[in-house]
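Owing to the predicted nature of the structure, the values given are computational and were not obtained by experimental measurement.
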Amino acid sequence: MSMTEEATAGALVERLTDLVRDQLGVEVPSPGTDLVAEGLLDSLALVTLIVGMEDAFGTRLPLDDFDIDRFRSVDAMADYLTEVGVTG
């Protein structure tokens, strides 16, 4: 990963951490924390978060093959957004 890619990934993680806090009132302990396993993210909160992500990044997320694992942690969300072409 280049320095530019690392900076972009870091900015994306930061924006997602802020989004989780602002949309759900949840403080993310670390980007790798499994928010579902920790009880910080349930199905209703996930829907709220996905809508917030779409609004914040000005895109529609392809959810045809929805996979909860893509939303378990801020790191996983950042990887997913990068995979679908969304940048910080």
- If you measure from the Lys or Arg side-chain nitrogens to the Asp or Glu carboxylate oxygens, is any gap between Asp69 and Arg72 under 4.0 Å? yes

- What are the two closest non-hydrogen atoms of Met77 and Val20, and how far apart are they? CE-CG2, 4.4 Å

- Message: Quick one, Phe66 and Ile68 - any side-chain contact, counting heavy atoms below 4.5 Å?
- Response: yes

- Message: So which atom in Thr33 and which in Ser73 form the shortest heavy-atom distance, rounded to 0.1 Å?
- Response: O-CB, 3.1 Å

- Message: Measuring only between side-chain heavy atoms, which start at C-beta, is Pro29 closer than 4.5 Å to Leu40?
- Response: yes

- Would you call Tyr80 and Leu61 a side-chain contact if the rule is heavy atoms closer than 4.5 Å? yes

- Message: According to a hydrophobic-cluster definition based on side-chain heavy atoms being under 4.5 Å apart (Ile, Leu, Val, Met, Phe, Trp, Tyr only), do Leu49 and Val84 belong together?
- Response: yes

- Item | Minimum heavy-atom distance between Leu12 and Val86, given as atom pair plus value | CD2-O, 4.3 Å

- Decide yes or no for Arg70 and Leu63: does some side-chain heavy atom of the first lie under 4.5 Å from some side-chain heavy atom of the second? no

- Query: Shortest non-hydrogen contact from Ala78 to Leu16?
  - Reply: N-CD1, 3.4 Å

- Query: Would you say Asp18 and Arg21 make side-chain contact, with heavy atoms under 4.5 Å?
  - Reply: yes

- Query: At their closest point, which heavy atom of Leu19 faces which heavy atom of Ala56, and how far apart are they?
  - Reply: CD1-CB, 4.2 Å

- Task: State whether the number of non-hydrogen atoms from other residues, nucleotides or ligands found under 6.0 Å of Glu54 atom CD is greater than 12.
- Result: yes

- Query: Roughly how far, to the nearest 0.5 Å, is CG of Leu24 from CG of Leu46?
  - Reply: 9.0 Å

- Query: Can you tell me how far the CZ atom of Arg15 sits from the CG atom of Asp22, to the nearest 0.5 Å?
  - Reply: 11.5 Å

